[in-house]
Each structure stands twice: as structure tokens, then as C-alpha cells.
Number of protein chains: 2
Amino acid sequence: MDTPSGSAPVTLEDVARRAGVSPATASRALNGSARKVRDEYQARVHAAAVELGYIANTAAQAVARGRGDHLALVVNGINDDYFSPVAAGVLKAAEAADRMVTMISSRNSAQQAARVVSTLRSQRPRAIVLAGGRSVASTFWEERLVEELAAFQDEGGRVVAISEEGMPFDTVSLDNVSAARDLAATLADLGYRRVTILAGPADARTAHDRVQGFTAGLAERGVEVPPSGVIHCGFDRDGGYSAAGECLRRRVPAELVLAISDTVAVGALARFREAGMSLPGDMAVAGIDDVAVLRDVTPALTTVRLPWPEAGRAALDLALRPTDAQPRLVRMTGHVVLRESTPGIEGR
Amino acid sequence: MDTPSGSAPVTLEDVARRAGVSPATASRALNGSARKVRDEYQARVHAAAVELGYIANTAAQAVARGRGDHLALVVNGINDDYFSPVAAGVLKAAEAADRMVTMISSRNSAQQAARVVSTLRSQRPRAIVLAGGRSVASTFWEERLVEELAAFQDEGGRVVAISEEGMPFDTVSLDNVSAARDLAATLADLGYRRVTILAGPADARTAHDRVQGFTAGLAERGVEVPPSGVIHCGFDRDGGYSAAGECLRRRVPAELVLAISDTVAVGALARFREAGMSLPGDMAVAGIDDVAVLRDVTPALTTVRLPWPEAGRAALDLALRPTDAQPRLVRMTGHVVLRESTPGIEGR
DNA sequence: TTGTAAGCGTTATCAC
DNA sequence: GTGATAACGCTTACAA
């Protein structure tokens, strides 16, 4: 407790000596072990540990056991829409399982992700959870990333992806296609016919799937989106902002803008308002994700609620419940939330 | 590269053997060392490492060296207003310094924080950065936390706090008092006289300091805030929402609401709008922090921009530049940003 | 400069 | 059940 200044950390041996037992017994008493330790020793060791303020050295444990018992979480970026909800889900589950989580950002780049996984490998974590959408095409760095993860798995680590299906690892996927389809269909049913899609980056899988869903949902209701009605943009607020500008410039006749994400939608809202449009009167806007922090924008945003925290939880479950079986897949779906930004079309 | 299935990780010894040198030489060649290694061996070892796909086991390194070389970042919570900007600053600086960062949440509780630091200690990181405001009073768990950190420092780790001044560790502090004072004074100069303060939790140091700053800044301009004009609430959006409701209920005559944070301000905005008020016509609202994700609320929020990312950077600098000197202190200040939510009072 | 060998703190094996 | 003792992978005196 009141350790003298500049002291070295208390080791297991210190505890053992103090308790009058062997280091082996102390180890068995303090950390789990198949073996039982006599109650008296148990007590003595625990007492000694507390008195000395012993804290196990996890690095040493990792060396001895061949692998640490913590988890690593790779996210696209700290400012990413999905970071917060996913991380919250993972962290909560991790806490319940009494596991430490190392979070690290791959900054939206497969190259960085590959590097990051490589670094992570050196920590010998129990599992790596990779959160973040992949590319449409399989790029060099995407492949490198998969190799790196495969190598990790090969060494005895576990890999879980929260992303689109298709990686050769346990995966938790949110159904972007049907989320977008449901939203589009619902709004078509509300009467919208002339639709513009803010499509995000052409090479991002998540964006691609959602656009696919939008067009499919609209098509089911007999609504066509002309090529000029699909505007690609960045997967963030500024992307939505400039895409909305482009939308204005092109003078596409539209009564509804379908954005691939809430953040993009909010950017669009800002741009339209700047153009003097009345919202939602002059233009209806909807997004996907139901980002919590955006709940106070005006008009309140119609969106699809996607269970990101649950996905995080599920990912940790997969990570903690190893299996020899083929890669497992957990699919999750969202549900449409209608709000003020897309009033029904009464009499236009 | 193409490791056979189920293989054990490549060790330094494997590399050494392959390169035809001793493990010692391989170690010196791959990881920094005072010693020089003959160029030929250097090359051979590096080649062998690449061929074998060697990745150093940081756990083993940490055991051998007595301490790891990664950093740990303790944040209040993933959904915290300050999490994202601070973490971004820290992570960026860490990346520049080629350091891994373990992030972990203390979930707004000193008790959790103490526990978390204890766990972190077991990882033997180079430094622990503690981000998050402290309490007004020194509670049991606050003290426990400080003890835990002190013990860590005693063992040779470094501690840096991003919080209010006063902890016995290197500290980066943002001047909450003057931020609030500047804002209040500026708005008083704009003509506001009847002011209500959404004060946040009474025991949170950050909130306390900002309220102090508000009243001081107003007092300097001859504006008094009656006791009923100070409403305590949660340090989040919902806190602001309900406090604004309370404000309405009390029928406090006010033309300006000063919220201790942007998030609280946004909650208030929502509540006022719900009450049918026109904003900013019927009520001016201002916050503090300049949270990026809130930039699209309407009306645009007057606030004080606080350099959180820079604080994160500065904290990492302190962590990476050890010193024997007394705890160092880096003070940072913000600047007022006037926007639409607080138009000047023309003729009321 | 290089190699040998002794640690680092912990766990696992195997006698007792 | 317990305790030597040998790993674990790496670093670092100390010799050579």
C-alpha cells in the first residue's frame, strides 16, 4: 500500500515469500488454476498479496501462457459514425467478461489496418475485433489485411469482423441492403416519386450496398432513379453538404433525398437550408443509422435504426466463445424510424 | 509469409538460427540497441525476419525490460463530449511517436477509474494519461485513484492528467473559468441582462468552474444572477433538456441561457423549441466546447472553442518527455465564437 | 562486434 | 496438495 519511493513492483515471489509458500502455490492461489490450494494457504497468499499491493504482471503471464487474455478492437476512426456505438457495445460486453480492450484506429485505410493488425499481433491478444466496412473491390491492402489476420488466427488468436459478409472470419454483419430497401420502400409508399440519392464513396462496400438497397426498394414501388439522381460523395457530413450543393447545381427535380447515412443527411440539410430552402417543405431528407448525437437536428431525421451496440456485443460473444467450426455469421437488421424530415406527401 | 496451419509464432531464436547468428545479435539488429551490429549481419537478420514473418513479442520485451513501451489512455466515457477530440489528439501524437495506445473508459466514476488504473498497472505501460474532470470535493475514490496513480509512478511509470489543476502529476488544463467568463462578458456586452445558468452537476469540478466563470464575467458587467437563475442538471443533453424544462416551470424571466456545455445547450434548445418558443427570438442560448458534431444544430450555437485535441497532444508530449522536475503544468485557453443562437439585443 | 548465459515474472510439468 | 525446476521470448551484462 504505502510503497516506499522508487520501489520496484511487487512480484509474485514477494507474495509467496511473505506468505511462506512457493511461487507455484502463490500463482495457483491468486490466478485461476485447475489445481486446488489448501484453504489456509489461499487465505495467507491473498492476505500477503493485499498487504503488499501485488498486481500481476500481465506481460509475464502472456509470455508464460503464450498469449495474453485481452482483446483488441480495430476501428475505422475515432470520429467515425459507428465508432462510438460499436465501441460502447464491445466495451460493455468486455467489462462483463472482465477483459481489457485495446482500441486502435485504422484511420479509414486498409493499409493502416494491415499495419495496425501487424502491430497488434505483437501484443498477442486473445482476439482481434475488426470493426469497419470493407472495399467493394479487393485491393492489395485489403488482401494484405486478410493475410495478416489469417496469420494471427493461425498462431492461435481469434478474429471477428463487424462488417460486410465475405471475410474468412467470424463476422457480425448489419444488413445494409435491406435497411436501405425498407427505408426507400416506406418513403415511396408515403408518396415520394422523384428521388435523389447521396451515394457516398463508390468503392465503400457499405455505401454501395445501401445504394443498392435504395434503388431496389424504390424499384419495387415502381420508382426509377435516373443516373443523374445518384450523387457520389464523401461518407461524412461534408460529403453530404457538397453533394447537396451538386444536387442544387444539377437542378435535379427531386422531392426526396435519400442519404446513405445520417451524417451525410445532416450535411445535406445544412446545404439546403443555406440555399434558403424550407425543410422539410421544399425537400424531404432521410438517412440511415439513427446516430444518437444527431437526434436534435431540425427537422428530426427519418432514418433506419441499426443495432450497432448489439453488433459490438455479438462480436465479443463470438470472440469469447471459440469454435473449430467454419467462420460463423451473425446477421442483424434495422428498422425504419419515420420522423419530421419526411412528412407524407399530401397535396403537391 | 505462408505459414503452415496452426503454427507457433516465429520467435527471435528462429530468426537468429535462420540468419546464422546468436539470438543476442538478432535482438540487437532488430530492435534498437546501443551496440552496433556488423552490416552484413544486420542485413541477414532483417532478411530472415522478413522471410519468416517475424513479429516481436512485446509481452516478452516488456518482461525483459521491466516495462512496456505503450501508453494507456483513460477516458470518462466513449460518449463523453471530450472523448473524441481528446482521443483524436492523443492518438495522432502517439502515432507520430510510433506508440500504441490502450484506451479504456472509466465510465464517469472515480471508483471505476481507480479500478481501471489498477488493471492498467498490470500491463506495465510506459505512461498513463488520465483524461476527465475531477470532483469538487476529494472523495474516497478520488483519493484511491490518486494513490493508484502514485503507485504506478513510483514503479517507474509516468502519469499525465488532462483535467483541472491540482493533481500531483503532470497536468494539461483547459481554463474553464476564463472560457466561461469571456463568454458571459461578451454576451453581457451584447446587451443581455436577464440570464439563467444551466449549471450541470454541483460536484463536477469542470461544471463548477464554468459556473464560477459565468457569474464572474457577468458580475464584471454589472449583471447579477439570482439563485433561482442557477439550475443544476446532468452534464449531458438530457440534463440540458430537463433543466430548460425547470427553467420554464420556474418562469424565471430570462433572455439568455448560459449552458456549461454545448451538449447541455442543445438539450435546452430542444426543450425550448418543444415549448413552442422561437429561437433565438424568444431565447438566446450559448454553450462551451464547440463540439464539432453539433455544428449543424439550429440556430447555430454560440460557444467557446476549447482546444481539446491540442490538449491531447500536449499530454502525450509530457508523457513522452520525462523529467525529474516537479509536476509540470500546461495551461490552455479557448476563445469565444459568436453565432446565431445569441443575436445582439437590438430593441427589446 | 559477437556469443554465452543469466535474468525478467509467471505458468506448467512432474515428482513428492 | 505442494514445491522444485524447466520453460516462455526477449534483453543485457559479461566474456571472448
Side-chain angles (χ1 to χ4, degrees), chain A residues 7-46 48-49 52-70 121-126 155-157, chain B residues 7-46 48-49 52-70 121-126 155-157:
Chain A
S7 58
V10 178
T11 73
L12 187 62
E13 219 180 308
D14 297 333
V15 176
R17 191 162 29 232
R18 169 78 109 114
V21 300
S22 75
T25 301
S27 169
R28 296 193 268 253
L30 289 175
N31 308 302
S33 163
R35 253 139 165 119
K36 269 250 142 68
V37 173
R38 203 196 311 178
D39 283 359
E40 185 198 335
Y41 284 175
Q42 270 284 2
R44 278 226 307 260
V45 170
H46 271 100
L52 263 32
Y54 169 73
I55 297 187
N57 181 328
T58 54
Q61 291 181 310
V63 174
R65 296 206 261 242
R67 183 159 295 285
D69 65 346
H70 63 286
R121 273 223 277 160
S122 74
Q123 324 259 57
R124 302 280 189 283
R126 175 75 69 225
E155 292 164 357
Chain B
S7 58
V10 178
T11 73
L12 186 61
E13 218 180 309
D14 298 332
V15 175
R17 193 163 27 233
R18 169 80 108 116
V21 299
S22 75
T25 302
S27 168
R28 296 193 266 254
L30 289 175
N31 308 301
S33 162
R35 247 124 167 138
K36 269 247 144 64
V37 173
R38 205 199 309 180
D39 283 358
E40 186 199 332
Y41 284 175
Q42 269 284 0
R44 278 224 308 259
V45 171
H46 271 101
L52 263 32
Y54 170 74
I55 296 185
N57 182 328
T58 54
Q61 292 181 310
V63 175
R65 297 206 260 244
R67 182 161 294 286
D69 65 346
H70 63 287
R121 274 223 277 160
S122 74
Q123 324 258 57
R124 304 276 190 278
R126 175 73 71 228
E155 290 164 358

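By convention in this document, chain letters (A, B, ...) are assigned in the order of the sequence lines, proteins followed by strands, and residues within each chain are numbered from 1.
Distance CD/B:Gln123 to CD/A:Gln123: 9.0 Å, rounded to 0.5 Å. Within the model, atoms OH of B:Tyr54 and CD of B:Glu13 stand 11.0 Å from one another, a figure rounded to the nearest 0.5 Å. Distance check: B:Arg124 CZ to B:His70 NE2 gives 10.5 Å after rounding to the nearest 0.5 Å. Once rounded to the nearest 0.5 Å, the distance linking CZ of B:Arg44 with CD of B:Glu40 reads 5.0 Å.
The separation between A:Arg124 atom CZ and D:dG9 atom C1' is 9 Å, rounded to whole Å. With rounding to whole Å, B:Leu12 atom CG is found 17 Å from C:dA5 atom P. Atom CD1 of A:Ile55 is separated from atom P of C:dT10 by 11 Å (rounded to the nearest Å). The CD atom of B:Glu155 sits 15 Å away from the C1' atom of C:dC8 (whole-angstrom rounding). Atom CD in A:Gln42 sits about 13 Å away from atom C1' in D:dT2, given to the nearest Å. Atom CZ of B:Arg65 is separated from atom P of D:dT11 by 5 Å (rounded to the nearest Å). Atom-to-atom, CG of A:Asp14 to P of C:dC8 comes out at 11 Å; the value is rounded to the nearest Å. At whole-Å resolution of the value, NZ in B:Lys36 and C1' in C:dG3 are 20 Å apart.
If you check D:dC10, C:dG9, D:dT2 against the side chain of A:Asn57, the one that comes closest is C:dG9. The listed nucleotides are D:dG3, D:dG9, D:dT11; the one nearest the side chain of B:Gln61 is D:dT11. Comparing C:dT10, D:dC10, C:dT2 by their nearest atom to the side chain of B:Tyr41 picks out C:dT2. Set against C:dG9, D:dT11, C:dT2, the side chain of B:Val63 has C:dG9 as its closest nucleotide.
For the segment residues 16-31 of chain B, residues with any heavy atom less than 4.0 angstrom from an atom of DNA chain D are, sorted by number, B:Ala24, B:Ser27, B:Arg28, B:Asn31.
The backbone N or O of B:Pro125 sits less than 3.5 Å from a side-chain atom of B:Arg67, completing a donor-acceptor pair. The main-chain N or O of A:Ile55 is never found under 3.5 Å from a side-chain atom of B:Ser122 such that the two would form a donor-acceptor pair.
Using a 4.0 Å cut-off, no side-chain N or O of B:Arg38 falls inside it from OP1 or OP2 of C:dT1.
Residues passing the side-chain hydrogen bond (donor to acceptor under 3.5 Å, both in side chains) test with B:Thr11 are B:Asp14, sequence neighbours excluded.
Counting only heavy atoms from C-beta outward, the side chains of A:Val21 and A:Val45 approach each other to under 4.5 Å.
Overall, the helix from C:dT1-D:dA16 to C:dC16-D:dG1 carries an axis bend of 40° between its ends, with five pairs at each end and the value rounded to 10°.
In plain terms, the two heavy atoms of A:Arg18 and A:Ala48 that are nearest each other are CG-CB, 3.6 Å.
Here A:Ala62 lies out of heavy-atom contact (under 4.0 Å) with every strand. Here B:Ala56 lies in heavy-atom contact (under 4.0 Å) with sugar-phosphate atoms only.
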Exercise. Mind running side chain to side chain contact (heavy atoms under 4.5 Å, CB included) on A:Leu12 and A:Leu30 for me, showing each step along the way?
Key: CA-CA 9 Å; A:Leu12 187 62; A:Leu30 289 175; 3.8 Å; yes
